[in-house]
Asks: 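Before I ask anything, let me first share the structure, which is written out below as structure tokens.
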Amino acid sequence: MWVWRHPKPRQVTGRCIGHTDVGVDRRKAKRLAHRIRHAARRNGLPHSVWTSSLQRSGSVGDFLARWGWQHRRDARLDEMNFGAWDGRPWDAIGAAAVDAWCQDFLEHAPGGGESVAQLLTRCRHFIADMQAAQPVCVVGHAGWISALAWLSDRPAEVPAAITWPAAVGYSSCTRVEGFGIDG
């Protein structure tokens, strides 16, 4: 699986962004689509891309679709849902609320949204459906890509805030091969 993180969205610095549907600069989306197309040519990847339902990911797939690629949107690729936290400044959420999440990192649903356990389940189901379709090109989000890395590298372990993978950079590519997990 070849997974690119979407380009940096506009006006998100200092904000908790999960399901908030923020846009990206069209030039950045097109630039990432070119990079994906180049990687596909160089590595013999299919001209098919999966993206989340959010525009910061889907806009890249839209460019690829204009160039003849098959573009599929799948909500299982969406960023984590932070509920009432979503879109708010981290400062307004407060350290106590973030600490409560970190204390029960796997099961606590920050802002009443989605827990890390639920995110891992979404990711696991997508992986299971893609097993036979390898290789797969995906444009996703930092949280989802961290879940993918966790399931690839440490599937038998229980994640904690301190052990959760760091967010990958905007427009970066992560390659993951083989999964020993069940859907």
Side-chain angles (χ1 to χ4, degrees), residues 1-83 85-88 111 113-114 118-152 165-177 179 183:
M1 190 174 300
W2 295 63
V3 185
W4 287 266
R5 183 179 179 192
H6 61 78
K8 184 176 182 177
R10 295 185 295 254
Q11 302 173 338
V12 297
T13 302
R15 292 173 51 204
C16 174
I17 303 296
H19 274 208
T20 301
D21 203 8
V22 293
V24 297
D25 183 283
R26 286 181 45 81
R27 292 170 300 187
K28 290 180 180 179
K30 187 175 184 179
R31 190 174 309 130
L32 179 55
H34 276 297
R35 287 182 49 216
I36 294 169
R37 192 167 63 165
H38 180 72
R41 259 195 310 266
R42 189 175 56 241
N43 296 286
L45 303 176
H47 289 182
S48 176
V49 64
W50 291 82
T51 71
S52 80
S53 66
L54 301 171
Q55 65 178 318
R56 59 191 184 268
S57 171
S59 62
V60 177
D62 290 342
F63 274 108
L64 290 165
R66 288 181 196 128
W67 302 329
W69 282 49
Q70 185 175 26
H71 176 203
R72 296 183 180 119
R73 293 178 189 260
D74 191 319
R76 294 176 298 179
L77 296 169
D78 285 358
E79 182 58 282
M80 187 166 159
N81 182 346
F82 288 101
W85 291 11
D86 226 287
R88 294 181 59 204
E114 177 179 37
Q118 292 169 311
L119 172 63
L120 287 166
T121 297
R122 276 197 290 120
C123 187
R124 191 178 288 114
H125 285 267
F126 182 81
I127 293 165
D129 285 352
M130 296 299 113
Q131 291 286 349
Q134 298 292 335
V136 176
C137 295
V138 173
V139 179
H141 304 271
W144 193 91
I145 296 168
S146 292
L148 175 71
W150 187 269
L151 292 171
S152 174
V168 298
Y170 291 109
S171 298
S172 66
C173 181
T174 301
R175 282 190 59 199
V176 179
E177 294 185 33
F179 292 92

Asks: Are Asp62 and Gln55 close enough that some pair of their side-chain heavy atoms sits under 4.5 Å apart?
Replies: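 Of all side-chain heavy-atom pairs linking Gln55 with Asp62, none is under 4.5 Å.
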Asks: For Arg175, what residues pass the side chain to side chain donor-acceptor pair (under 3.5 Å) criterion, not counting sequence neighbours?
Replies: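 Arg175 satisfies side chain to side chain donor-acceptor pair (under 3.5 Å) with Glu177 once adjacent residues are dropped.
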Asks: Search all heavy atoms of Arg56 against all heavy atoms of Glu79 and return the closest pair with its distance.
Replies: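 For Arg56 versus Glu79, the nearest heavy atoms are NH2-CB, 3.7 Å.
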Asks: State which residues pass ring pair (Phe, Tyr, Trp, His ring centres under 6.0 Å) with His6; sequence neighbours excluded, sorted by chain then number.
Replies: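 Ring pair (Phe, Tyr, Trp, His ring centres under 6.0 Å) check on His6 returns His141, Tyr170.
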Asks: Can you confirm whether more than 12 heavy atoms, excluding those of Arg26, are under 6.0 Å from its CZ atom?
Replies: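 No, CZ of Arg26 has 12 or fewer neighbouring heavy atoms, counting only those of other groups under 6.0 Å.
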Asks: So, do Asp86 and Asn81 sit near enough that their side-chain heavy atoms are less than 4.5 Å apart?
Replies: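 Touching, per the 4.5 Å side-chain cut-off.
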Asks: Taking all non-hydrogen atoms of both residues, which atom of Ala75 and which atom of Arg122 are closest, and how far apart?
Replies: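 Result for this residue pair: O-NH1, 3.4 Å.
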Asks: Write down the atom of Phe63, the atom of Ala33, and the distance for their closest heavy-atom approach.
Replies: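 That would be CB-CB, 3.7 Å.
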Asks: I need the full list of ring pair (Phe, Tyr, Trp, His ring centres under 6.0 Å) pairs touching residues 29-48, with sequence neighbours left out, sorted by first then second residue.
Replies: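 Applying ring pair (Phe, Tyr, Trp, His ring centres under 6.0 Å) to every pair that reaches into residues 29-48, excluding sequence neighbours, yields His34-Trp67, His47-Trp69.
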Asks: With the side chain counted from C-beta on, respond yes when Lys8 and Thr13 share a heavy-atom pair under 4.5 Å apart, and no when they do not.
Replies: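 With C-beta onward as the side chain, the pair touches.
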Asks: Identify, with sequence neighbours excluded, every residue that meets side chain to side chain contact (heavy atoms under 4.5 Å, CB included) alongside Thr51.
Replies: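 Result, side chain to side chain contact (heavy atoms under 4.5 Å, CB included) vs Thr51: Val49, Ser57, His71, Arg73, Val139.
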Asks: Under the ring pair (Phe, Tyr, Trp, His ring centres under 6.0 Å) test, which residues partner Phe126, sequence neighbours left out?
Replies: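 Ring pair (Phe, Tyr, Trp, His ring centres under 6.0 Å) check on Phe126 returns Trp50, Trp144.
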Asks: Check side chain to side chain donor-acceptor pair (under 3.5 Å) between Asp25 and all other residues, then give those that pass, not counting sequence neighbours.
Replies: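 Only Arg27 meet the side chain to side chain donor-acceptor pair (under 3.5 Å) criterion with Asp25.
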